[in-house]
Amino acid sequence: MKMTMRLTGSNRPIARLVLATTLLTTMLQITRASSAQAAASVDEFKAAYAVAEAANTQAGALRNQWTATASTLADAKKAADAGNFDAAVALSKEAEALAKASIFQGTSEKQAWKAQEIR
Amino acid sequence: MKVRSAISLASVALALAALTLAAAPPASAANAIDPAADARAFQKFFTTKFPKLKLEDFVNGPYSLNEDMHRQWVEKEEFPPYEFSLDMGKEMFAQPFKNGKSYADCFANGGIGIRQNYPYFDDKEGKVVTLELALNRCRQANGEAPFSYVKDEMAALTGYMAFTSRGKPFDIKIPNDPRALEAFETGKQYFYTRRGQLNFSCASCHVQNPGERIRAEILAPALGILNAMPIYRSEWGGMGTISRRFITCNVQTRGVPLDPQSDEYRDLEYYLSYVSNGLPISGPGARP
């Protein structure tokens with residue numbers, strides 16, 4: 001209570017200075033944190049996108065790519081171009097999951113198709 | 001005692017092994033490719049599933065499975081939507097190339113009444129040759145640019161050639177050549193393989209669910225499905241070739257389609273045509 005009194009009452013200029021410094025420091029910390037995060041996300045996006053693209057290429061070798069993978073990869077790139085790296089990474093991971101599912105399908109169907117055959 | 005037990009155990013094991021070997025068919029017999037048996041089973045499946053339908057009626061697809069649609073179709077056939085394309089195809093077919101030759105020079109019987117023999121297995125190339133492919137090869141051999149496999153010109157040409165074969169039964173041959181048998185088998189595998197994000201195979205719709213609705217459409221049976229090609233589709237607002245049909249099917253299951261006339265599509269056409277042997281050509285057709 002005393003402290004509050006002192007900051008907001010008799011020592012008003014000091015209180016203002018302390019408040020301004022605190023705000024400035026916080027703002028600087030936020031700016032630094034977000035720029036550090038953006039830099040990390042660019043790399044993270046590049047890595048995630050490369051992994052997804054490689055998985056989709058593997059599905060292509062099985063002649064079993066999905067249109068959803070291609071469109072999700074395109075969306076990831078669009079998000080990265082717009083500077084939204086969080087979304088770009090998330091979309092790249094989604095594309096990777098889709099590509100992996102198509103690889104699984106392509107591999108398992110090499111035998112599984114026989115179950116549907118008319119005999 | 002121990003020796004006697006071991007001998008008994010070994011005898012039982014040997015007897016079991018002998019029984020297993022005798023019961024299991026040889027691997028080669030189980031995996032033997034037998035197109036004739038496949039075609040018999042295929043046709044039996046559909047004639048059993050739709051006992052009231054005559055074999056030749058399967059070529060009319062959904063129109064043979066639904067009475068209301070059948071009535072609409074009969075009326076539509078009085079002024080069929082593919083008529084303009086048919087006229088265009090007839091004109092194109094007769095039009096000589098710049099070198100003076102024509103399509104008639106590339107085909108047996110001048111290209112008239114031969115649709116039922118396509119696709120065929122070319123033993124020189126070791127691959128299946130479809131009518132669409134043969135038409136483009138004919139153009140290229142005579143110094144003309146190939147047509148798109150999915151657009152109007154190709155549909156018009158194949159439509160006209162199908163029209164000259166109307167009523168003739170599919171007569172697809174599979175020579176006793178391991179490559180031809182392999183092509184048939186690859187086509188069959190493609191037909192039954194689930195693909196795309198929706199995890200559908202061709203058979204999911206056209207074997208397991210013909211006659212049922214998928215959204216507003218009634219699914220056609222796989223038997224006789226290519227006899228009516230090319231088709232005018234209201235959904236497309238125009239004509240479509242077999243290549244277009246395969247590509248659209250793949251896209252509808254959210255799979256990336258292959259290139260038109262890729263080996264797999266050629267083999268698929270070979271398989272589907274062969275199992276419909278004996279059913280009449282009815283193309284060009286119309287579908288909703």
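Options A:N64, A:I118, A:T69, A:L98 differ in how many heavy-atom pairs under 4.5 Å they form with chain B, and the most are formed by A:I118. Counting heavy-atom pairs closer than 4.5 Å to chain A, the top-ranked of the candidates B:V207, B:D38, B:L258 is B:L258. Highest contact tally toward chain A, considering only B:S262, B:G196, B:S201, B:A203, is held by B:G196 [criterion: heavy-atom pairs under 4.5 Å]. When the candidates B:R195, B:Q189, B:R254 are compared by the number of heavy-atom contacts under 4.5 Å with chain A, B:Q189 comes out ahead. Taking chain A as the reference chain and counting heavy-atom pairs below 4.5 Å, the highest number among B:R40, B:E264, B:K44 is found for B:E264.
When ring centroids are compared, B:F42 and B:F46 come within the 6.0 Å threshold.
Shown here is A:K78, whose NZ atom has no more than 12 heavy atoms of other residues, nucleotides or ligands within 6.0 Å. Counting non-hydrogen atoms of neighbouring residues, nucleotides and ligands closer than 6.0 angstrom, the CZ atom of B:R194 exceeds 12 such neighbours.
Contact of B:Y190 with chain A is not made at all, since no heavy-atom distance falls under 4.5 Å. There is no contact between B:T253 and chain A, counting heavy-atom distances below 4.5 Å. With a 4.5 Å cut-off on non-hydrogen atoms, B:N250 does not touch chain A at all.
Across all their heavy atoms, B:L223 and B:V275 have their closest contact at CD1-O, 3.7 Å.
Residues B:K127 and B:E125 are not paired through a salt bridge, judged by the lack of any N-O separation under 4.0 Å between the basic side chain and the carboxylate.
Side-chain contact between B:F50 and B:D57: absent, with no pair of heavy atoms (C-beta onward) separated by less than 4.5 Å.
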